[in-house]
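Presented below is the structure to which this report refers.
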Amino acid sequence: MKRGLYILILFLGVFAACDKNDNFVVFSVENDVQLGAQVKAEIEKDPSMTILSPSVYPEVYTFLNHVRDGILNSGEIAYKDEFAWEIQVIDDDSTLNAFATPGGYIYVYTGLIKYLDNADDLAGVMGHEMAHADLRHTVRNLQKTYGVAALLSIALGRDPNALAQIAAQVAGQLAGLKFSREYETEADEHSVEYLAKTEYACNGAAFFFIKLTEAEQGGRPPEFLSTHPNPENRVTNINAKAESLQCVTSLATNTGYEEIKASLKNDR
Ligand SMILES: [Zn+2]
């Protein structure tokens with residue numbers, strides 16, 4: 001066996017066995033956050049993306065942070081303390097979408113917030129996106145695309161430019177990023193597990209997909225559905241998961257969602 005390969009295997013065995021979710025991931029948790037922060041910087045440089053300022057729309061961020069904190073405190077998030085879990089609202093009323101970067105930077109479009117009917121729908125999609133980050137789906141995809149050796153070399157800091165290049169590439173694709181069916185199902189089901197321990201209906205993600213299907217039928221194709229196909233199967237699967245967990249499926253009350261939607265209508 002070549003010496004280099006032997007050292008690589010030894011390294012992987014010692015340092016990169018399995019992560020908290022029992023997946024084999026070469027990147028360290030710090031690498032995920034580093035990559036996410038670089039993607040965030042790329043998004044900030046993009047003139048087509050306007051982020052709502054938290055100082056101008058404090059109540060919107062307080063609301064979204066409250067939903068996020070409920071999910072984080074569910075006890076189901078493996079990287080609750082390690083990831084950033086930072087929310088940014090993209091000022092774009094015509095887009096029905098949300099996405100998350102590695103390391104837990106979450107992006108929600110104003111178009112989606114305004115379109116949804118209640119906090120449970122929004123909590124469902126946030127749970128889904130937080131699951132993609134917590135289960136490290138993007139980084140695991142990169143590992144498949146670039147191979148373990150290339151990612152290991154970045155993880156070891158041997159190739160500082162490569163991380164920046166990957167960040168630029170991830171930033172360009174994120175809103176249109178398509179995961180495998182396996183990862184999507186995993187994210188849907190985790191959303192139910194998270195929400196089961198919050199004030200929101202645990203099948204909020206099902207309400208969300210039903211609502212998006214209505215938008216599609218109304219001639220307004222939601223971006224989220226282009227990367228998240230088969231909404232009908234998802235609704236069935238999400239509701240089956242809720243049934244198996246025996247969790248609460250009635251809508252949360254007094255969430256203040258209507259007020260948040262109304263407050264977004266005012267230009268400031
Ligand atoms: Zn997804």
Side-chain angles (χ1 to χ4, degrees), residues 31-68 71 83-116 121-134 136-139 141-142 145 161-179 183-184 187 208 211-212 215-216 220-228 257 260-268:
N31 288 145
D32 280 38
V33 179
Q34 213 180 350
L35 181 59
Q38 291 214 20
V39 171
K40 181 189 164 192
E42 290 291 330
I43 291 172
E44 277 164 6
K45 276 196 291 187
D46 183 344
S48 71
M49 296 270 212
T50 312
I51 304 293
L52 280 195
S53 164
S55 60
V56 181
Y57 290 88
E59 73 286 11
V60 174
Y61 280 91
T62 301
F63 181 87
L64 292 171
N65 288 339
H66 177 75
V67 177
R68 172 202 64 193
I71 293 170
F83 284 178
W85 303 120
E86 194 180 298
I87 295 173
Q88 314 273 345
V89 180
I90 300 172
D91 188 8
D92 177 356
D93 285 354
S94 62
T95 301
L96 303 182
N97 207 357
F99 59 86
T101 76
Y105 294 88
I106 304 154
Y107 290 83
V108 184
Y109 286 79
T110 51
L112 184 68
I113 301 173
K114 287 184 180 179
Y115 185 71
L116 296 179
D121 304 346
L122 190 69
V125 68
M126 280 177 63
H128 177 99
E129 291 305 328
M130 288 169 74
H132 278 313
D134 198 55
R136 310 179 72 191
H137 285 158
T138 301
V139 169
N141 269 352
L142 290 173
T145 309
N161 292 331
L163 190 73
Q165 279 165 17
I166 289 178
Q169 197 200 336
V170 170
Q173 290 174 351
L174 260 176
L177 191 67
K178 216 167 177 171
F179 289 116
Y183 283 181
E184 285 303 333
F208 164 73
K211 185 74 187 163
L212 289 192
E216 195 180 32
R220 191 180 173 193
E223 289 70 14
F224 202 86
L225 281 189
S226 68
T227 52
H228 292 79
Y257 194 65
I260 291 305
K261 282 170 69 168
S263 81
L264 277 174
K265 292 205 172 93
N266 307 327
D267 276 334
R268 294 178 206 176

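Everything quoted here is computed from the prediction, not taken from an experiment.
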[X] and [Y]: which non-hydrogen atoms are nearest, and at how many Å?
X      : Y      : value
Ile43  : Met49  : O-CB, 3.9 Å
Thr138 : Val170 : CG2-CG1, 4.3 Å
His132 : Ala187 : CE1-CB, 3.7 Å
Glu42  : Ala171 : CB-CB, 3.5 Å
Met130 : Ile106 : CG-CD1, 3.6 Å
Met126 : Leu64  : CE-O, 3.6 Å

With rounding to the nearest 0.5 Å, note down the distance linking [atom1] in [X] to [atom2] in [Y].
X      : Y      : atom1 : atom2 : answer
Glu184 : His128 : CD    : NE2   : 4.0 Å
Ser48  : Ile90  : OG    : CD1   : 9.0 Å
Tyr57  : Thr110 : OH    : OG1   : 9.0 Å
Phe63  : Leu122 : CZ    : CG    : 6.0 Å
Lys114 : Tyr109 : NZ    : OH    : 15.0 Å
Asp93  : Thr95  : CG    : OG1   : 9.0 Å

**Request:** Kindly write out the residues that satisfy salt bridge (charged side-chain N to carboxylate O under 4.0 Å, His left out) with Glu223, not counting sequence neighbours, or none if the list is empty.
**Result:**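 Salt bridge (charged side-chain N to carboxylate O under 4.0 Å, His left out) list for Glu223, sorted by chain: empty.
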[X] versus [Y]: any side-chain heavy-atom pair under 4.5 Å?
X      : Y      : value
Asn97  : Asp92  : no
Tyr105 : Val39  : no
Tyr107 : Glu129 : no
Tyr183 : Asn141 : yes
Pro222 : Glu216 : yes

**Prompt:** Do the ring planes of Phe224 and Phe208 sit parallel (below 30°), tilted (30 to 60°) or perpendicular (above 60°)?
**Reply:**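 Aromatic pair Phe224/Phe208 classed perpendicular.
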Give a yes or no answer on whether the side chain of [X] reaches the backbone of [Y] with a donor-acceptor pair at less than 3.5 Å.
X      : Y      : result
Asn65  : Tyr61  : yes
Lys261 : Leu116 : yes
Tyr257 : Ile113 : yes
Tyr115 : Ala215 : yes

**Passing candidate, side-chain contact (heavy atoms from CB on, under 4.5 Å) with Gln88, options Leu52, Ile51, Val108** =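 Testing Gln88 for a side-chain contact (heavy atoms from CB on, under 4.5 Å) against Leu52, Ile51, Val108 leaves exactly one candidate, Ile51.
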